[in-house]
Chemist: 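Below: one structure in C-alpha cells.
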Amino acid sequence: MIRIFLAALLLFSGMFINTLNAEELDIKSQAFALYNTNNQNEALELLNSLSTEQKDSEVFVIIANIYEDKKEINKAIENLNKALLINPEYYKAYYNLGCIFLDKKAYELAEQNLLLSIKYNKDFAYSYYNLGTLYLKTGDYKKAKKNFLKAIFLKNNEKDFYLNLAYTYKNLGKEKEAKKLIEIYNNGN
C-alpha cells in the first residue's frame with residue numbers, strides 16, 4: 001500500500017512540476033513575443049512575474065534589454081550580471097555589457113566584455129563588429145580592420161560592416177580599398 005501511495009505521489013508531483021514548467025514556458029513565450037513586437041512594458045511585467053528560480057540567463061538578458069531601451073542602464077547592467085551568475089559563459093550577456101560600455105565610452109570595460117563574448121561564441125559576428133567599432137573609435141585601425149573583416153566573414157550581408165571597414169581603410173590610407181567597400185555598401189551587395 002505504501003508503494004502505491006508513493007508511486008501516486010511521485011506521479012502527481014511530476015504532473016505538477018510539468019504543469020509549472022509549461023506555465024513558465026508559456027509566460028516566457030508570451031513575454032518574448034511582446035518584447036519582439038515592442039510591447040516592452042507588458043513583456044517586463046510578465047517576466048518580472050516569474051519567480052527568481054524560473055528566470056534563466058535569457059530572461060535576464062531580455063529584461064536588461066528592456067531596461068536599456070528605457071534608458072535605465074544601471075538596472076540593465078544589474079540584470080546582465082544576474083544572467084552571468086546563472087551562466088558565466090553566456091556570450092549574449094557579455095555582448096550586451098560590451099555594447100553598453102561602448103556607448104558610455106568606457107572602452108576598457110567594453111573591450112573586456114566583447115572579448116569574453118567572442119571567447120564563448122566565436123561565430124557571433126556582432127561581437128567582432130562592435131569590437132571593431134571600439135578600435136575604430138580609439139584609433140587602433142589595424143585591430144578595427146581585423147575585427148570588421150572577421151564580422152564580414154561571418155555575416156556578409158550587413159551593410160554597416162562594410163561601411164565601417166571602408167572608414168577604417170580610409171584611416172589606414174588605403175583609399176582604393178575604401179572606395180571598393182563604399183561601392184559594395186551603396187549597391188547592397
Side-chain angles (χ1 to χ4, degrees), residues 24-121 123-141 143-144 147-148 150-152 154-155 157-168 171 185:
E24 175 186 334
L25 286 173
D26 189 45
I27 290 171
K28 286 181 190 178
S29 297
Q30 288 176 37
F32 291 170
L34 287 166
Y35 174 73
N36 287 327
T37 57
N38 260 347
N39 293 305
Q40 295 178 339
N41 291 331
E42 294 91 344
L44 186 60
E45 188 177 316
L46 275 176
L47 292 172
N48 282 331
S49 75
L50 294 169
S51 70
T52 303
E53 296 79 30
Q54 293 173 313
K55 293 177 183 171
D56 58 16
S57 293
E58 187 177 27
V59 167
F60 282 117
V61 167
I62 297 297
I63 291 171
N65 287 347
I66 294 169
Y67 281 127
E68 185 180 0
D69 291 345
K70 293 170 156 273
K71 307 294 185 222
E72 296 182 45
I73 302 305
N74 289 337
K75 286 184 180 181
I77 292 170
E78 177 185 328
N79 280 282
L80 291 168
N81 285 324
K82 287 178 183 178
L84 291 171
L85 285 174
I86 294 170
N87 181 358
E89 297 180 1
Y90 194 49
Y91 76 96
K92 287 182 182 179
Y94 289 115
Y95 170 76
N96 286 3
L97 283 167
C99 291
I100 287 171
F101 293 131
L102 180 60
D103 187 51
K104 295 292 179 192
K105 297 181 174 135
Y107 296 131
E108 283 185 42
L109 289 171
E111 181 181 35
Q112 289 170 6
N113 282 282
L114 290 169
L115 287 171
L116 284 167
S117 176
I118 290 168
K119 176 182 178 180
Y120 295 117
N121 186 346
D123 296 326
F124 189 57
Y126 297 99
S127 293
Y128 294 99
Y129 171 74
N130 281 293
L131 191 57
T133 301
L134 180 149
Y135 293 134
L136 185 61
K137 288 181 177 200
T138 60
D140 194 338
Y141 303 122
K143 284 185 179 178
N147 282 281
F148 289 137
K150 182 67 176 185
I152 290 168
L154 292 170
K155 189 167 180 70
N157 62 344
E158 287 290 338
K159 289 176 66 171
D160 288 342
F161 292 7
Y162 293 93
L163 186 61
N164 279 355
L165 181 58
Y167 187 68
T168 301
N171 283 299
Y185 177 83

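Just so you know, these numbers use all the heavy atoms, side chains as well, and skip hydrogens, waters and symmetry mates. Positions are given from 1, in the same order as the sequence printed here.
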Chemist: What's the separation between atom CG in Leu84 and atom CG in Leu116, rounded to the nearest 0.5 Å?
Modeler: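 Output value for this atom pair is 8.5 Å.
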
Chemist: Which is it for Tyr129 and Phe161 under the ring pair (Phe, Tyr, Trp, His ring centres under 6.0 Å) test, yes or no, and what are the steps along the way?
Modeler: CA-CA 7 Å; Tyr129 171 74; Phe161 292 7; 4.7 Å; yes

Chemist: Count the heavy atoms belonging to other residues, nucleotides or ligands that lie under 6.0 Å from OH of Tyr167, then report whether that count exceeds 12.
Modeler: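 Result for OH/Tyr167: open.
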
Chemist: Just checking, is any N or O donor in the side chain of Gln40 or Asp69 under 3.5 Å from an acceptor N or O on the other one?
Modeler: yes

Chemist: Which atom pair, heavy atoms only, marks the closest approach of Glu68 to Ala76?
Modeler: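 Heavy-atom minimum between the residues: N-CB, 3.8 Å.
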
Chemist: Hey, what do you get for CG (Leu50) to CZ (Phe60), rounding to the nearest 0.5 Å?
Modeler: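 The distance works out to 9.0 Å.
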
Chemist: Under 4.5 Å between any side-chain heavy atoms of Asn79 and Ile66, yes or no?
Modeler: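 SC-SC contact between Asn79 and Ile66 ruled out.
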
Chemist: Do Val61 and Leu80 make a side-chain contact, defined as non-hydrogen atoms from C-beta onward lying under 4.5 Å apart?
Modeler: yes

Chemist: For residues Val59 and Ile62, determine if any side-chain heavy atom of one lies less than 4.5 Å from a side-chain heavy atom of the other.
Modeler: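 No, their side chains stay 4.5 Å or more apart.
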
Chemist: Taking all heavy atoms of Ala110 and all of Gly98, pick out the closest pair and write down the distance.
Modeler: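 Here Ala110 and Gly98 meet closest at CB-O, 3.4 Å.
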
Chemist: Atom CD in Glu89, atom NZ in Lys119: separation rounded to 0.5 Å?
Modeler: 7.5 Å

Chemist: Using the six-membered ring of Tyr128, assess whether NZ or CZ of Lys150 lies under 6.0 Å from its centre and within 45 degrees of the ring axis.
Modeler: yes

Chemist: Is the shortest side-chain heavy-atom distance between Phe124 and Lys92 below 4.5 Å?
Modeler: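 No, every pair of side-chain atoms sits at 4.5 Å or beyond.
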
Chemist: Using only heavy-atom distances, determine whether the side chains of Gln30 and Asp26 contain a donor-acceptor pair under 3.5 Å.
Modeler: yes

Chemist: Could you tell me whether the side chains of Asp140 and Thr138 share a donor-acceptor contact shorter than 3.5 Å?
Modeler: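 On atom types as modelled, these side chains do not qualify, holding no pair under 3.5 Å.
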
Chemist: Any side-chain to backbone donor/acceptor pair from Asn121 onto Ser117? Under 3.5 Å, distance only.
Modeler: no

Chemist: Mind checking the NZ-CG spacing from Lys143 to Leu134? Nearest 0.5 Å is all I need.
Modeler: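 Output value for this atom pair is 9.5 Å.
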
Chemist: Test Leu97 against every option in Leu109, Leu114, Ile77 by the side-chain contact (heavy atoms from CB on, under 4.5 Å) rule and name the one that passes.
Modeler: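 With Leu97 as partner, side-chain contact (heavy atoms from CB on, under 4.5 Å) holds for just one option, Ile77.
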
Chemist: For a side-chain contact (heavy atoms from CB on, under 4.5 Å) check, start with the C-alpha distance between Tyr91 and Ile118, then their side-chain angles and the critical distance, and finish with the verdict.
Modeler: CA-CA 7 Å; Tyr91 76 96; Ile118 290 168; over 6 Å; no

Chemist: Quick one: does Gln54's side chain get under 4.5 Å of Ile27's, heavy atoms only?
Modeler: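 Contact flag for Gln54/Ile27 side chains = no.
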
Chemist: Can any side-chain N or O of Thr168 pair as donor or acceptor with the backbone N or O of Asn164 at less than 3.5 Å?
Modeler: yes

Chemist: For a side-chain contact (heavy atoms from CB on, under 4.5 Å) check, start with the C-alpha distance between Lys55 and Asn48, then their side-chain angles and the critical distance, and finish with the verdict.
Modeler: CA-CA 9 Å; Lys55 293 177 183 171; Asn48 282 331; 3.7 Å; yes

Chemist: Mind checking the CG-OH spacing from Leu102 to Tyr95? Nearest 0.5 Å is all I need.
Modeler: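 Here the interatomic distance stands at 9.5 Å.
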
Chemist: To the nearest 0.5 angstrom, please state how far the CG atom of Asn41 sits from the OH atom of Tyr35.
Modeler: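 Nearest 0.5 Å value for the CG-OH distance: 13.0 Å.
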
Chemist: Give me the atom names and distance for the closest heavy-atom approach of Ala83 to Ala93.
Modeler: CB-CB, 4.2 Å

Chemist: Do Tyr141 and Leu136 come within less than 4.5 Å of each other through their side chains, counting heavy atoms only?
Modeler: yes

Chemist: Does atom CG of Asn74 have more than 12 heavy-atom neighbours from other groups under 6.0 Å away?
Modeler: no

Chemist: Heavy atoms, side chains only, cut-off 4.5 Å: are Phe101 and Glu108 in contact?
Modeler: no

Chemist: Would you tell me whether Tyr135 and Glu111 have side-chain atoms, one donor and one acceptor, within less than 3.5 Å of each other?
Modeler: yes

Chemist: Within a 6.0 Å radius of atom CD on Glu45, are there more than 12 heavy atoms belonging to other residues, nucleotides or ligands?
Modeler: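 Atom CD in Glu45 is not crowded, with 12 or fewer foreign heavy atoms closer than 6.0 Å.
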
